[in-house]
Structure formats: structure tokens, C-alpha cells
Amino acid sequence: MRAIVYKGPFQVAVEQVSDPKIQHPNDVIVRITSSAICGSDLHMYEGRTAAQPGLIFGHENMGIVEEVGSGVTTLHKGDRVVMPFNVACGFCENCERGFTAFCLTVNPGFAGGAYGYVAMGPYPGGQAELLRVPYADFNALKLPPGTEHEEDFVLLADIFPTGYHGTELVQLSPGESIAIFGAGPVGAMAAYSALIRGAAEVYVVDRVPERLQKVKDIGATPIDFSKGDPVQQIRDMRGGDGVDKGVDAVGYQAVDPNKNTEQPSVVLESLIQIVNATGMLGIPGLYVPTDPGAPDPNSKQGKLLISFGKLFEKGLRLGTGQCDVKRYNRFLRDLIIAGKAKPSFIVSNEVLLNDAPMAYEKFDKRIEGYTKVILKP
Ligand SMILES: NC(=O)c1ccc[n+]([C@@H]2O[C@H](COP(=O)([O-])OP(=O)(O)OC[C@H]3O[C@@H](n4cnc5c(N)ncnc54)[C@H](O)[C@@H]3O)[C@@H](O)[C@H]2O)c1
Ligand SMILES: [Zn+2]
Ligand SMILES: [Zn+2]
């Protein structure tokens, strides 16, 4: 089959690789119909991780069940399914408590597994024609047959649940105000989720015009950080007040508005400043224990300089980590089916798998409106 293979920094290639096989009775093989490129793939693409050449990318996958292992009970050939980006067993201590992003079974020595991702276990990705899905009864969510809502359903693999997770980490209630940093796919989905949950005011900070326009279109208030300190801009709009809740949908590659260079602590610091005392910070944006590309010796070791004393003084609480997609994907699917959510407003491009190298390059530069790219085998 054809697959997108990592070759080295800023290089991916379409290559012929062997077809995945059933390795365990609980596996299924899925013929991919859509697989999305994620901001998280760019960390590997840019050579900012320990990803080795040969890795098949792709953790946001959906398709049709092609082959079923003898131990699988709920899935059949021809079923249309979407897989959480997390690979999880369903029966370990963490999975039982709903923390499927921290499964103790699928990736020995590390809590959590994923398809096509460095350090996340031996699971090739789905930016390919076929994908092996382990523990398939647990890991595949069934979808209505046909082709309807394809662009919405593929977002159930990661960014719609992950954006929702941002709002869940802060226990967002109707009528509250929230500041979301980042208007990439995750930030836009956090804003969309905040509106679904009945937030009164949703501020979204970024500097990419098309991204700010998209969040404006759904009813959020865009804040352009290239036009001045976003914390001050939000306070000015609120008569000096901060907000109830905050979400970091940027992560460690945050750009310092003042210097226009990377400063991994800048968004966390802004959140500590803008969220009102007793508020909460949700951090789905990715931070890493080591980053050779970071701008200073401390952040190279994942140590960030933030106003922790201020955070304590304000009694702020925070939640972090990978999204447990299984917590949310079923009811978010049902919102899509019921016509109450249409997350595909964020999809900017559908591209043939063969054109993925070009799509990675453009998405990485965030040019030509490349916001969320779906690959079609
Ligand atoms: N927790 C999870 O399970 C999970 C899942 C998916 C993605 N992620 C992470 O979430 C983050 C966002 O993902 P994405 O796909 O939306 O990525 P993305 O790179 O497309 O979007 C990030 C956005 O942040 C903006 N930005 C940069 N500096 C900023 C600043 N100082 N203030 C405000 N905005 C700023 C960028 O312009 C960009 O639009 C990444 O770190 C990704 O790895 C986490
Ligand atoms: Zn993703
Ligand atoms: Zn588990």
C-alpha cells in the first residue's frame, strides 16, 4: 500500500510499504477513507522530536472495516468507523477510569499510545491506504453508513474532542467567559465547544488572519496578538476585567508577541494574567520534557519560567495532558448526526495522499489558508 513516511526534518514521502496484517484476534484492518494532518504531526515534521525516518504518520483516521480478527465481537466488514488517536486497551486501571490517553497496556514503560507518533508505541499511522487497529472493539467508534458528514466525523479522531477537552478541563459552565489562545484547529474547536456549552464570551487569540476570521464566523471574538498584548486587549474590551476560564491551544511552540520569536512560556504566562482568581486553565496545547530546538537552556529541558506565585495567589487550578478521546467522541458524533454541530467549518483543504508532501509544506508554513488538511487515499 501507499503511505506517508517521515524521511527527516521537513521531508515526508509517499512510499510503497507492506500492507498491515491482523496480528492479534482483537485487531481489525481499516481501509482509510480520510486521514487528517495535525499540528502535532508538525512537531515531528520539523525535526523537533526523536521521530526516526521510516515512521508512517497519521493519528486522525477513519475508514471502512476491511478485515476482522477472530476475537472481535462488535465490528463487521463494511462498518464505517473513526478511531481515537489514542490506542488504548479498555481494561487497564487508567482506561477503566476513563483516562484512555494514559493506557498502561499499549505502550510499555509509558502511559499512553497513539498511531503514527514518536514515543507512542509500535502503531504505524493511517496517512496510508490501510490501518491496523488493535483492541478494535474498544478503539473503533461506529458511524452511520454512507459518505455523509465525512469531514465532520474525521475530526472526531482528535481535534473536536481535544478542543472539547480544553473546555472540560476548565469545567466551563453556561454564562462564563473564556479566553482561548491559538486559533488553529484545536483552538477553533475549543471555541466551538465553548459556544456549544453556552459560554457568554469567547475570546480567541492568534495572529493568522484566516484563522481569526474562522472563529469570528462562529461567534467568538478574535484577538490579534500582533496588534498588541492580548491580555491588555481582552481587559480593554471587558472594562478592565479578566475572564473566568482560559485554554492554551498553542503549546510549546508559542510565539512571543513582543519579539516575534518562540517563547514556550508566553501563553501560560498570559493565561495566569488574564484568568480571574479561582479560575481554571485548560492546557491541551502540547509541552515536552525535552526540546533541543527551544530558545534557552531551561526550556530545552522542558523547564519554563512562569509566575507560579501569581498562579498560587489567584488560586488558579489547571488541567493538562493528551485528550482522552473516548470520553467525548460518542456524544460529539451524535451532535453531528443531529445537526447540532458541524466542526468541518475548520477544514481548509482536501488533498490526495500522493500530494501530502506539498500539503505538509504549506500547512507547516500556515500559508494559503492551510488550516486543517484531510488526506484522501
Ligand atoms: N492534548 C492533546 O491531546 C492534543 C491533541 C491535538 C493537538 N494538540 C496540541 O495542541 C496544539 C495546537 O494544535 P493545532 O493543530 O491547533 O496547532 P497549530 O499549530 O495549527 O495552531 C497553533 C496556533 O497557535 C498560534 N499561536 C502561536 N503563538 C501564539 C501566541 N503567543 N498566542 C496565541 N496564539 C499563538 C499559531 O499562530 C497557530 O495558529 C499543538 O501543541 C498540538 O500539538 C494536543
Ligand atoms: Zn492530531
Ligand atoms: Zn488501557
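Atoms within a ligand are numbered from 1 in the order they appear, just like the ligands themselves. For reference, positions follow the sequence shown, starting with 1. Side chains included, hydrogens not; waters and symmetry mates left out as well; all remaining heavy atoms used.
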Response to the item:
Among non-hydrogen protein atoms, atom 12 (C) of ligand 1 lies closest to A249 O, 3.2 Å

Worksheet entry | Which segment of L286 sits under 4.0 Å of ligand 1 when only heavy atoms are counted | both

Item to complete: Is it possible for you to say whether I29 and I64 belong to one hydrophobic cluster, with membership spreading through side-chain heavy-atom contacts below 4.5 Å?
Response: no

Worksheet item: Near E148 CD, under 6.0 Å, is it more than 12 heavy atoms from other residues, nucleotides or ligands?
Response: no

Worksheet entry | Between K376 and S34, a side-chain donor and acceptor under 3.5 Å | yes

Worksheet item: Which heavy atom of the protein is the closest neighbour of atom 4 (C) of ligand 1, given with residue, atom name and distance?
Response: T162 CG2, 3.5 Å

Discussion item. Taking CG in L305 as the centre, count heavy atoms belonging to other residues, nucleotides or ligands within less than 6.0 Å. Is the count above 12?
Written reply: no

Practice prompt. For G39, take its heavy atoms, then give the atoms of ligand 1 lying under 4.0 Å from any of them.
Written response: 15 (O), 17 (O)

Worksheet item: Can you give the angle C89 SG - the Zn ion (ligand 3) - C92 SG, rounded to 10°?
Response: 110°

Worksheet item: Does the distance from a Lys or Arg side-chain N to an Asp or Glu carboxylate O, for E168 and R197, drop under 4.0 Å?
Response: yes

Discussion item. Can a side-chain donor-acceptor contact be found between S35 and N61 if the only test is distance below 3.5 angstrom?
Written reply: yes

Discussion item. Which of the numbered atoms in ligand 1 are under 4.0 angstrom from any heavy atom belonging to A254?
Written reply: 28 (N)

Worksheet item: Side chain, backbone, both or neither: which part of R366 comes within less than 4.0 Å of ligand 1 when only heavy atoms are counted?
Response: side chain

Worksheet item: Are L130 and I32 close enough that some pair of their side-chain heavy atoms sits under 4.5 Å apart?
Response: no

Worksheet entry | Ligand-side contact atoms (ligand 1) for residue partner V208, heavy atom cut-off under 4.0 Å | 37 (O)

Fill in: Test item, G321 contacting ligand 1 (heavy atom, 4.0 angstrom)
yes

Worksheet entry | Audit row: D152, K342, salt bridge (charged side-chain N to carboxylate O under 4.0 Å, His left out) steps and yes/no | CA-CA 6 Å; D152 295 305; K342 197 151 182 46; 2.9 Å; yes

Worksheet, complete the sentence: among protein heavy atoms, the one nearest atom 20 (O) of ligand 1 is R211 NH1, 3.0 Å

Worksheet item: Heavy atom under 4.0 Å from ligand 1: found in D158's side chain, backbone, both, or neither?
Response: side chain

Worksheet item: What does the angle at the Zn ion (ligand 3) come to, between atom SG of C103 and atom SG of C95, rounded to 10°?
Response: 110°

Worksheet item: Is the closest basic N to carboxylate O distance between R207 and D224 below 4.0 Å?
Response: no

Discussion item. Does the structure place the NZ or CZ of K326 under 6.0 Å from the centre of the six-membered ring of F138, at an angle of no more than 45° from the ring's axis?
Written reply: yes

Worksheet item: Just by distance, with hydrogens left out, do Q263 and Y252 show a side-chain donor and acceptor under 3.5 Å apart?
Response: no

Worksheet entry | Selected option - heavy-atom contact closest to atom 40 (C) of ligand 1, from V250, I180, V204 | V250

Worksheet item: When you measure from atom 7 (C) of ligand 1 to every protein heavy atom, which one gives the shortest distance, and what is it?
Response: S40 OG, 3.2 Å

Response to the item:
heavy-atom search around atom 31 (N) of ligand 1 in the protein gives V255 O, 2.8 Å

Discussion item. Within ligand 1, which atoms have a heavy atom of C323 less than 4.0 Å away?
Written reply: 1 (N), 2 (C), 3 (O)

Response to the item:
F85 heavy atoms within 4.0 Å reach ligand 1 at atoms 3 (O)

Worksheet item: Would R327 count as a cation-pi partner of F99, with NZ or CZ less than 6.0 Å from the six-membered ring centre and within 45° of the ring normal?
Response: yes

Discussion item. Suppose we call two aromatic rings close when their centres sit under 6.0 Å apart. Are H59 and Y123 close by that rule?
Written reply: no

Discussion item. Strictly under 2.8 Å, how many protein N, O or S atoms lie near the Zn ion (ligand 2)? Waters don't count.
Written reply: 4

Worksheet item: atom 38 (C) of ligand 1: which of V205, I37, D206, T371 has the nearest heavy atom?
Response: D206

Discussion item. Salt bridge or not between E67 and K21? Use side-chain N to carboxylate O under 4.0 Å.
Written reply: no

Item to complete: Among all protein heavy atoms, pick out the one at the shortest distance from atom 16 (O) of ligand 1; state its residue, atom name and that distance to 0.1 Å.
Response: V186 N, 3.0 Å

Worksheet item: Just heavy atoms, cut-off under 4.0 Å: does P230 contact ligand 1 by side chain, backbone, both, or neither?
Response: neither

Worksheet item: Any non-hydrogen atom of H43 lying under 4.0 Å from ligand 1?
Response: yes

Worksheet item: Have T371 and E210 got a donor and an acceptor in their side chains that come within less than 3.5 Å?
Response: no

Worksheet item: Among all protein non-hydrogen atoms, which one is nearest to atom 10 (O) of ligand 1, and what is the separation to 0.1 Å?
Response: G285 CA, 3.7 Å

Worksheet item: With a 4.5 Å heavy-atom cut-off, do L195 and V202 have their side chains touching?
Response: yes

Worksheet entry | Identity of the nearest option to atom 35 (C) of ligand 1, non-hydrogen atoms only, from F225, Y287, F181 | F225

Worksheet item: Which atom names give the shortest non-hydrogen contact between T167 and Y164, and what distance separates them?
Response: OG1-O, 2.6 Å

Worksheet item: Which of the atoms in ligand 1, numbered in the order shown and given with their element, are less than 4.0 Å from a heavy-atom of G182?
Response: 24 (O), 33 (C), 34 (N)

Discussion item. Show the atoms of ligand 1 that are less than 4.0 angstrom away from any heavy atom in P284.
Written reply: 1 (N), 2 (C), 4 (C), 8 (N), 9 (C), 10 (O), 44 (C)

Worksheet entry | Structural part of H165 in contact with ligand 1, heavy atom criterion under 4.0 angstrom | neither

Item to complete: Have a look at ligand 1 and work out which part of V267, if any, has a heavy atom under 4.0 Å from it: side chain, backbone, both or neither.
Response: side chain

Practice prompt. Could you tell me whether K214 and D217 make a salt bridge, using a distance below 4.0 angstrom between a side-chain N and a carboxylate O?
Written response: no

Worksheet item: Can R235 and D241 be counted as an ion pair, charged N to O under 4.0 angstrom?
Response: no

